[in-house]
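Only one structure is covered here, and it is reproduced in the block below.
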Amino acid sequence: MEWGGMEGILTPRESARFIAENSRDVCVDSGGVRRVAELLLARAAGPELRVDGWKALHELNPRAADEAAVNWVFVVDTLNFSFWAEQEEHKCLVRYGGKTYSGYWSLCAAVNRALDEGIPITSASYYATVTLDQVWNIFRSDSDVAMPLIEERHRILNETGKILLEKFGGSFLNCVRKSEKSAQKLLHLVVESFPSYRDVTQYKGKRISFYKRAQILVADTWSVLEGKGDGCFEDISSITMFADYRLPQILVYLGALKYSDKLLKKLLDGVMLSYGDKQEVEIRGCAVWCVELIRDCLLELIEKSGEKPNGEINSILLDYYLWDYARDHREDMKGIPFHRTRCIYY
């Protein structure tokens, strides 16, 4: 699909609502939405639903709130896609700091390992010209399974690095500053400037967007800067959850999302869904809308309870929490399949 700019494309929230209203194979369960909101209510006053939880709860994330940390976030989210393994017991593993990491955290561990080895992987002038062999070395696996889509990661690093140098002086912080403390302006700037962030497809005659990596980039920038200074986005609550393959799985496990028998059988059989396939779009869109409804329900419950949350509760913080919850309950979710789509968008 030719990129003609963001005009005429439904926003992620508009897309999610439209998909949920027209979906055949996926639906949101209102009772399940309420149960998840009740589960989250117990966490509303704790560290899990606070912006500083991003650092406090995850040892691989940068501790600082400076330009180097923002550039770390940009590289990681530029490569934040497709970590699922063909077989659960055979996956890419990265050992770092005495621990072994898999999935998305294997990427973070590999970036930190490279920095410790003196490789300037978060510097645009380095990754704009990094070679495929160097990328293989940086993201080398400590198991016999390589990180998926290494050639795509190499191509995207080169493309993104060149654009960052040309348009933003080689620093993502300059891009953040151009957004004038607006999450939506930053989202637009990222999607318009960097082709690999254009997570857009068609559904029932409309151009819809999820912008999973662009939204998580805005969210992680907000988190690494602790919602202060350049990271004080006045409209941060306009960002939805990040439509990937793990969040729908946990929402089905918690009973907030339901699949048709036909779709469930397909997923249990391990059938791959193409990016933009009707059922793949319905899974992602309904998951986003489901989290929007969970957030609204949670805010109502908080108001009724008279409890004061520690700061703003938004879909970003719900996504962070539910994603961690999914990792912590992986064994319990063994019978619930995630959808398999191999692409650069999530």
Side-chain angles (χ1 to χ4, degrees), residues 3-16 50-52 54-55 61-62 64-81 122-125 127-128 156-157 159-200 208-243 288 292 295 311-320 345-346:
W3 180 251
M6 293 170 77
E7 285 298 309
I9 300 172
L10 297 182
T11 67
R13 194 174 194 279
E14 290 166 346
S15 299
R50 281 212 314 256
V51 63
D52 53 7
W54 189 84
K55 289 180 181 179
N61 288 340
D66 57 14
E67 186 171 12
V70 170
N71 284 324
W72 183 97
V73 161
F74 182 64
V75 166
V76 166
D77 285 331
T78 293
L79 299 175
N80 185 356
F81 55 83
T122 57
S123 168
S125 55
Y127 60 80
I156 288 168
L157 276 171
E159 173 186 82
T160 306
K162 288 185 180 91
I163 295 166
L164 196 64
L165 288 166
E166 285 165 18
K167 291 194 172 179
F168 304 105
S171 175
F172 186 60
L173 188 58
N174 292 332
C175 188
V176 175
R177 285 177 175 155
K178 278 194 175 183
S179 68
E180 299 164 326
K181 301 194 174 169
S182 165
Q184 285 303 315
K185 271 194 186 171
L186 183 55
L187 179 71
H188 278 246
L189 204 49
V190 167
V191 172
E192 291 286 13
S193 303
F194 303 101
S196 77
Y197 280 92
R198 294 170 190 165
D199 183 6
V200 172
I208 55 116
S209 69
F210 293 113
Y211 300 140
K212 183 262 182 181
R213 289 197 295 107
Q215 289 209 115
I216 206 168
L217 174 57
V218 174
D220 288 351
T221 300
W222 175 65
S223 299
V224 79
L225 295 175
E226 297 162 22
K228 297 171 193 156
D230 294 313
C232 176
F233 301 118
E234 286 141 19
D235 55 348
I236 195 65
S237 63
S238 65
I239 300 294
T240 72
M241 77 75 135
F242 325 121
V288 172
E292 291 295 290
R295 183 199 61 189
E312 179 182 10
I313 300 279
N314 56 40
S315 297
I316 293 169
L317 299 173
L318 299 196
D319 182 293
Y320 286 165
Y345 299 110
Y346 64 97

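Since this is a predicted model, take the numbers as computed values, not measurements.
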Is the shortest heavy-atom distance from the side chain of Val191 to the side chain of Val200 under 4.5 Å?
no
Between Phe74 and Phe194, is the ring centre distance below 6.0 Å?
yes
Could you label the plane-to-plane angle of the Trp54 and Trp72 rings as parallel, tilted or perpendicular, counting under 30° as parallel and over 60° as perpendicular?
perpendicular
I'd like to know if Asp230 and Arg177 make a salt bridge, using a cut-off of under 4.0 Å between side-chain N and carboxylate O.
yes
Nearest heavy-atom neighbours spanning Ala243 and Val288
CB-CG2, 3.8 Å
Any donor-acceptor pair under 3.5 Å from Asp52 side chain to Lys55 backbone:
no
Worked check of salt bridge (charged side-chain N to carboxylate O under 4.0 Å, His left out) between Arg198 and Glu192
CA-CA 8 Å; Arg198 294 170 190 165; Glu192 291 286 13; 5.1 Å; no
Please give me the minimum heavy-atom distance between Glu226 and Ala65, naming the atom from each residue.
OE2-CB, 4.2 Å
Non-hydrogen atoms of Thr122 and Asn71 that approach each other most closely
O-CB, 3.7 Å
Smallest heavy-atom separation, Ala124 atom then Gly161 atom, equals CB-O, 4.0 Å
Taking Arg213 for its side chain and Ser196 for its backbone only, find out whether a donor-acceptor pair lies under 3.5 Å.
yes
Residue among Val73, Asp77, Ile316 satisfying side-chain contact (heavy atoms from CB on, under 4.5 Å) with Ile216
Asp77
Would you confirm whether Ser209, through its side chain, and Tyr211, through its main-chain N or O, come within 3.5 Å as a donor-acceptor pair?
no
Mind listing the closest non-hydrogen atom pair of Gln184 and Ser238 along with its distance?
NE2-OG, 2.9 Å
